[in-house]
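Throughout, protein chains are lettered first and strands after them, A, B, ... in sequence-line order, and every chain is numbered starting at 1. In this text, all values refer to a predicted model and were calculated from it rather than measured experimentally.
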Amino acid sequence: MSSSFPYVTVLVLLPAAGALGAAASARVPRKLVEAGAVAVSLVTLGFAAAMTVAFKAGDGGFQFVSRHVWAQPLGISWYVGVDGISVFLVLMATVLFPIALAGARTREDPRAFVAWMLLLESACIGSFVSLDLIFFFLFFEVSLVPMYFIISGWGFVRRAYAAVKFFVYTVAGSAFLLVGILVVAFIHESQTGVLTFALPALERTHFSGTTGVLLFLAFTAAFAVKAPLFPFHTWSPDAYTEAPAGGSMILAAVLAKLGTYGLLRFDLDLFPHASKVLAPLLLTLAVIGVLYGAIVACAQRDLKRVVAYSSLAQIGFIALGVFAFTTQGLTGGVLLMVNHGLVTAGLFLLIGWIYERRSTWQLSELRGLQTPAPLLAAAFSVIMLASIGVPGLNGFVSEFLVLLGSFLTHRWWAVAATTGVVFAAIYLLWAFQQAFHGKPDPATATVADLSWTERVVVAPLVILIVLLGVYPKPVLDRITPSVNEVIARVELVSKAPAHPQVVVKHSPVAGSKREGAAQ
Amino acid sequence: MLHAASLMLLFPLVGFVILAFFGRRIGDPLAGWLGTATITASFVVACVTLAGLAHRTSASRSFTQTLFSWIPVGQLHVNVGILVDPLSMTMAMFVTGVSMVIHLYSIGYMKGDRDYPKFFVYLNLFVFAMLLLVLANNLLVAFVGWEGVGLCSYWLIAFWYERDSAASAGKKAFIYNRVGDTGFLLAIFLIFSKVHTVDYLGIFAHRHALGGPATTAAVLLLLLAATGKSAQIPLFNWLADAMEGPTPVSALIHAATMVTAGVYLLSRMNPLLALSPDATWVIAGIGGATAFVAATIACAQQDIKKVIAFSTISQIGYMVLAVGTGAYVAAIFLMVAHAFYKGLLFLGAGSIIHGLDDEQDLKRMGALRRWLPWTYGTFLVGWLAIAGIPPLSGFWSKGDVLENVWAKSTALWAVGVVTAVLTAYYMTRLFVLAFHGDPRWQHAVGDHPAHRTPHEAPWVMRAPLVILAFFAFAGGILDLPWVHHEGLASWLAPVFGSRLFSAHESTGLKVGLISIDAVAGVLGLAIAGYLWRARADRRELEPAFLQRVWFWDDFYDLVIGRPGQALARFSATVVDSRIIDGAVNGIASLVRLAGANLRRLQTGYVRNYAIGVVAGVVAIVLFVLTKT
């Protein structure tokens, strides 16, 4: 594997290089800079797509691994690779960045905007592929910086407040993560004499009950804020709403997934025992998030905030799947990370276009958009229905797997979360009716329908939403083996009696296989 | 021959795709003809498949075809596949047949509508989803069809979306159905957790692994799903609002096909029902209660479509009652007969509405028999059929249900007979108010004096009326009591087997029961004819209690709607922004207070902190590089 093309490293560095180029392009016309940024993100997408095609199905370990020792005394190395879980998150991110760059442009200072966006892309990809905890932490933190500037620089009225809240809240969470990472590495050193931050090595560290629980909580603090999980979510409605369209798209679709991905990758792998012990807590927060997010969404009068709270509910579903510890639940959770990314980005993109036309997201001021803009309404319906979980579209497959998977081990949590399916229909259909149905008022009646550029930009999302709903098998076939390794490890270490129906046949030493793949 | 069965699904799907992308260019009326052609092709495939199936011996009339693997994760293997057997083909036959006729009718009815092509986009997608629902070989794919028809129903009810009432009615239908759908989903989870498959045949083979309580729970959850889709108590009241949709939609989706899906689902799952007598009593009770309640409401409605809508709810109540009794064949027989006569009644109502330029108020009709002779003649057949007058199809099918219910429970049978009287009553009331008495359509509405002359519909709308009238008249031959062993019962026998309830009643008793049915029909008809023939204005017979649907909507609004809204507002304005966010900001200000002394070192600008993060990262990187 190591002799093959270094896809992963290229994917991390390419957008950053683009960002530097954009920042240095003071003399180049803005149109050209914007086109250049889209081109860079498209090339990145091309590499990600090629990597996904080359990715071997049926292998649950890490592939395309690059490992270069970098700071020997500190045990830090450039150690990157993808498995069936991260490969689709990378692909999802690389699909969304060109769409955000092409579809949600800014009027002021586009050079800086696209530079921050490309830097953000590098940080997101880097977080998904890092197998070294220090590098993960760096990427995880660095992602805040461009997002902070995007919100505060190109946001709406309350942007300053929203940006500060976002930044301070997430940095506060990350402080726990940094301490946690260092403690994990030191404990590992005390047990083996080797200082390393490599995940496959660290995951064989043994933690005593209390230490494991405390470390789990430290890691979870950062991820729960980032995702965000109830009750650490209050920064998100403000940030999602005040950010410019492109910012909202990436923030809700990609950045949030750093949190849920962190829960799955680091919490479960490093602290399987604590994960099992604390699963009821996380499941409860997840279910509360599903129901609470939905209920609060019902009371919003602003289209963007409706989507923001619906996002909270969807993140709850993801966490429910992750902590169900079943093949179906975890696979559903990973697929939902991808699906929620596509759907939420689509909704924020279209809401941005509505704002460009009507300069408002207040539902009471929008009315009858479907009459002048039937294509906009059609695109919005398809994406909204995917969010509601209508079968045939992508959201259903993941939601079904999450609920089924959690039902098998945690029946009553699943039953409670299933009722959330009704709420999604209530607030989204209500919002759709407010914005699109009814007789248009004069300001709306003259609104333009989607332009050809806009159609081209939104079409990939709609196509993917349908495709992943009808034929998710290729994706599932690649996610499932990696998920099974995680479950096998959790079950092995926590020594809980295996649930006969759901637990996979696991190789006795799951960790060694991953390590083997990494060599 | 059976391998071509999946073409039944393909044709409407192709029609949908073509119309969705090129509908506007194809335009009016070609889009309608294209839509109709695809359904006709589907119908032909259904006929061929049916013939192929009938050619086999009774025991081997079951054919499964897997199309592709849909959701394979761990032990879960969901394939998109179809199950061709007598039950699914009976459904497919009348679904494609009635859809074809109603597509044809729509060509005329929707003429000139701004969104004419879009109507056929939805209608074709609906037929695809409906066929997927009945042909699926597993619960999950059936659920795709189940939600798909619900979605099309939402779109078609809200078809005239500029009208607020239509948009709200569509939303209401979707949400009520969603409540039922959670039951469907939970039933799938429960069944899978015990038998590890979602395939019908696998579930039936391992049904004993479910255990008693889980079986009862699963059946009741499926019943919840059925009450949503088939508009039964407690989720019935969306169907009346659904009349906001164009009338062909009411005929096809909200009378003939989609709303019977709940009955189909319960019949399909009959091996589970047989294991849970408790649950079947609940089913029978819900069916009987809905039949009666909806029939009383139909007696007091003024809107011609709402009368027929509540009538539909009531008739499906009979079908659910039959399913609860175990008389599946009677349920299916009534379903097919009902599709003919109710489709006919709706299309007839559509013809009236069309002829009176969108008038739907019965009190503003009258004497139409002179202006709309075709509509009158065909509607007459539908009216007599639903009223249960021999020898029309409604008489035989309802008789079949009641005969079986008699053997299960005399009390439920009595409810059924009273409902039969009410059925004849409300439909006669509608009939005489629309076609007899004095013409009232020229009375002024508000400040709009009406000058209109009713006009008969074009032939594309009349032909379907005649076709459906024929089947509404003669549909009874599917399963006449004295040919029971060669009719529908023997055809469906492989599906239901010994689980089919059969009342072994003496010939004398059967004749007695049938006579009571006939008397009930004639009685209701006579009473209504006497009361309404001469006078259209009888407020005392239309109490508010019935007009307002037993205050059912008001009740839901009081106990769910308003508390729900209050909870949502409280959560958003108090819990979220004051309590949770308040705690966060509180901690933040505590930190700020504690750090007051450090304030001079801090600029307070987050962008400086952000730059700091970048600088810190660079510093660490440099540090690390120098050490290696």
Contact leader toward chain A among [options], where contacts are heavy-atom pairs under 4.5 Å:
{"options": "B:F570, B:W160, B:W155, B:F174", "result": "B:F174"}
{"options": "B:A583, B:G148, B:A568", "result": "B:A568"}
{"options": "B:K171, B:K118, B:Q565", "result": "B:K171"}
{"options": "B:N177, B:V144, B:V78", "result": "B:V144"}
{"options": "B:T573, B:D576, B:I188, B:L185", "result": "B:D576"}

For [X], is it the side chain, the backbone, both, or neither that has a heavy atom closer than 4.5 Å to a heavy atom of chain B?
{"X": "A:I134", "value": "neither"}
{"X": "A:V470", "value": "both"}
{"X": "A:Y292", "value": "side chain"}
{"X": "A:T480", "value": "side chain"}
{"X": "A:I479", "value": "neither"}

Is atom CZ of B:R114 surrounded by more than 12 heavy atoms (other residues, nucleotides or ligands) closer than 6.0 Å?
->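 Buried by this count: over 12 neighbours within 6.0 Å.
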
Count the heavy atoms of every other residue, nucleotide or ligand shown that sit under 6.0 Å from CZ of B:R24, and state whether that count exceeds 12.
-> no

Side chain proximity check, B:V584 to A:F232, heavy atoms < 4.5 angstrom |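 No - every pair of side-chain heavy atoms lies 4.5 Å or more apart.
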
Minimum side-chain heavy-atom gap A:P440-B:E162 below 4.5 Å |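 A:P440 vs B:E162: side chains touch.
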
Between [X] and [Y], is there a donor-acceptor pair closer than 3.5 Å when you use the side chain of the first and the backbone of the second?
{"X": "A:Q328", "Y": "B:V73", "answer": "yes"}
{"X": "B:R178", "Y": "A:V421", "answer": "yes"}
{"X": "B:W70", "Y": "A:G469", "answer": "yes"}

Could you grab the distance from atom OG1 of A:T327 to atom CG of B:L76, nearest 0.5 Å is fine?
-> 10.0 Å

Give, for atom OG1 of A:T419 and atom CG of B:L186, the distance between the pair rounded to the nearest 0.5 Å.
-> 9.0 Å

Please identify each residue that fulfils side chain to side chain contact (heavy atoms under 4.5 Å, CB included) with B:P117, with sequence neighbours left out.
-> B:A31

Worked check of side-chain contact (heavy atoms from CB on, under 4.5 Å) between B:D164 and A:R367 = CA-CA 11 Å; B:D164 288 324; A:R367 192 176 147 76; 3.3 Å; yes

Partner residues of B:F184 under the ring-ring contact (aromatic ring centres under 6.0 Å, His included) criterion, sequence neighbours left out | B:F143, B:W146

Taking every heavy atom of A:Q433 against every heavy atom of B:A167, the minimum-distance pair comes out as NE2-CB, 3.6 Å

Hey, mind stepping through A:L408 and B:F192 against side-chain contact (heavy atoms from CB on, under 4.5 Å) and telling me if it holds?
-> CA-CA 9 Å; A:L408 295 173; B:F192 179 80; 4.2 Å; yes

Go through B:V575 and A:V296 one step at a time and tell me if the side-chain contact (heavy atoms from CB on, under 4.5 Å) criterion holds.
-> CA-CA 9 Å; B:V575 178; A:V296 177; over 6 Å; no

I would like to know whether B:I580 and A:F230 meet side-chain contact (heavy atoms from CB on, under 4.5 Å); could you show each step before the answer?
-> CA-CA 10 Å; B:I580 300 177; A:F230 177 89; 3.5 Å; yes

